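Shown next, in C-alpha cells, is the structure this report addresses.
Keep in mind that this is a model prediction, so the values were computed, not measured. One-based numbering along the sequence shown.
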Amino acid sequence: MLPETEQYCKKATIFSEGEEAEYVYQITSGAVRTYKLLPDGRRLINAFHLPGDMFGLENGSTYRFTAEAIVETKVRMTRRLSLLDTMANWTREAGATSLLDLITRNLQHAENHMLLLGRKTALEKVAAFLHEMDTRLDHPNVMALPMSRRDIADYLGLKLETVSRVLATLRDEKMMRFDGSSQRRIVLLDRGRLVDLDNS
C-alpha cells in the first residue's frame with residue numbers, strides 16, 4: 001500500500017494529544033511543531049519537524065503530543081500497521097537509506113533538545129537553537145525560520161522577551177543579522193562564535 005498524501009494549512013492541527021496513534025507522518029514540505037499544554041496553560045514545544053523528518057511514531061496506542069502545521073505543510077502518512085510495508089517507497093523518495101536512519105534522526109533531535117534545555121543561560125540556549133537550525137537546514141546563506149519567536153521561546157523554555165533580547169545581543173555582537181524587514185530571515189555572520197557558545 002502506498003502512503004497517502006495530505007496538505008495542511010498554517011496552524012491546522014494534524015493530530016491531538018490523546019488521540020489514537022493511527023498514522024505515522026513524514027514531511028515533504030513545510031514545518032510542524034509538536035507540543036503539550038501544561039496544566040497552568042503554558043505551551044511546551046518538544047520538537048520542530050522539517051522536510052524529511054518523521055513524526056507521530058509512538059510506542060503506545062495514543063499520541064503523546066499535539067502536532068500542528070507552522071506553515072502550509074504537505075505530509076506523507078501511512079498507517080502504523082502498514083509502516084514496514086510502505087517504508088521502502090518513502091525512503092527511496094526521501095533519499096534516506098532506511099527506517100532506522102529516520103528514527104535515529106528523531107532520537108538525535110530529542111537528545112539535542114534535552115541537552116539544550118539543560119543549558120544555564122538564555123544566550124547559550126538561543127545560540128544552540130540557531131546552530132541546530134543552521135545544521136538541519138544545511139547551512140544556508142539566509143536561514144528562513146518557519147517558526148515565530150513565541151515558538152522559539154516555548155521550545156527553549158524562555159520568555160518571549162528574553163528570546164528577543166538575546167537575538168538583539170547576537171546581532172549587536174555581529175554574530176548574525178536580520179535579512180530585510182523579516183525577523184525570521186537570519187544571516188549567520190560568525191558561525192564559529194555561535195558554535196563556541198553552543199559548546200560552552
Apply side chain to side chain contact (heavy atoms under 4.5 Å, CB included) to the pair Ile70 and Val32, showing each step before the final yes or no. CA-CA 5 Å; Ile70 302 174; Val32 169; 5.6 Å; no
Take Glu124 and Thr121, measure what side chain to side chain contact (heavy atoms under 4.5 Å, CB included) needs, and give me the verdict at the end. CA-CA 5 Å; Glu124 290 171 353; Thr121 70; 3.0 Å; yes
Hey, mind stepping through Val126 and Leu156 against side chain to side chain contact (heavy atoms under 4.5 Å, CB included) and telling me if it holds? CA-CA 8 Å; Val126 174; Leu156 299 178; 3.8 Å; yes
Leu123 and Lys125: CA distance, side-chain angles, deciding distance, side chain to side chain contact (heavy atoms under 4.5 Å, CB included) verdict: CA-CA 5 Å; Leu123 182 61; Lys125 288 182 177 183; over 6 Å; no
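The same ILVMFWY cluster, assembled from side-chain heavy atoms under 4.5 Å apart, contains both Met143 and Val71.
Separating the CZ atom in Arg165 from the CG atom in Leu158 is a distance of 9.5 Å, to the nearest 0.5 Å. Atom CZ in Arg171 sits 12.5 Å away from atom CZ in Arg177 (nearest 0.5 Å). With values rounded to the nearest 0.5 angstrom, Thr34 atom OG1 is found 8.0 Å from Phe55 atom CZ. The line from CE of Met77 to CD1 of Ile27 is 13.5 Å long, rounded to the nearest 0.5 Å. Taking OG1 of Thr13 as the reference point, atom OH of Tyr8 lies at 10.0 Å (rounded to 0.5 Å).
Between the side chain of Ser182 and the main chain of Arg184, a donor-acceptor pair closer than 3.5 Å is present. Side-chain atoms of Ser16 do not come within 3.5 Å of backbone N or O of Glu19 as any donor-acceptor pair. Distance alone, capped at 3.5 Å, places no donor-acceptor pair between the Thr162 side chain and the Leu160 backbone. For the pair Thr73 (side chain) and Ala31 (backbone), a donor-acceptor distance under 3.5 Å is present. Distance alone, capped at 3.5 Å, is enough to place a donor-acceptor pair between the Thr135 side chain and the His131 backbone. The backbone N or O of Val75 lies less than 3.5 Å from no partner atom in the side chain of Glu6, so there is not a single donor-acceptor pair.
Under 4.0 Å is where a charged nitrogen must lie from a carboxylate oxygen, and between Arg136 and Glu132 at least one such pair does. A salt bridge between Arg64 and Glu58 is present, with a side-chain N of the basic residue lying under 4.0 Å from a carboxylate O of the acidic one. Note on Asp151 versus Arg33: salt bridge recorded, some NZ/NE/NH1/NH2 to OD/OE distance being below 4.0 Å. Between Glu17 and Lys36, at least one side-chain nitrogen of the basic residue sits less than 4.0 Å from a carboxylate oxygen of the acidic one, meeting the salt-bridge criterion.
Applying the side chain to side chain contact (heavy atoms under 4.5 Å, CB included) test between Leu194 and each of Asp134, Leu189, Leu130 identifies Leu130 as the sole match.
Phe65 has its ring centre no less than 6.0 Å from the ring centre of Tyr35.
Listed here is the closest heavy atom pair of Arg76 and Thr28: NH1-CG2, 3.4 Å. Between Gly18 and Thr62 the shortest heavy-atom distance is O-CG2, 3.6 Å.
By the 6.0 Å contact criterion, CG on Asn141 is open, its count of non-hydrogen atoms from other residues, nucleotides or ligands being 12 or less. Under a cut-off of 6.0 angstrom, the local environment of CG in Asn59 is sparse, with at most 12 non-hydrogen atoms contributed by other residues, nucleotides or ligands.
Between Phe48 and Phe129, the ring-plane angle classifies as perpendicular under the 30° and 60° cut-offs.
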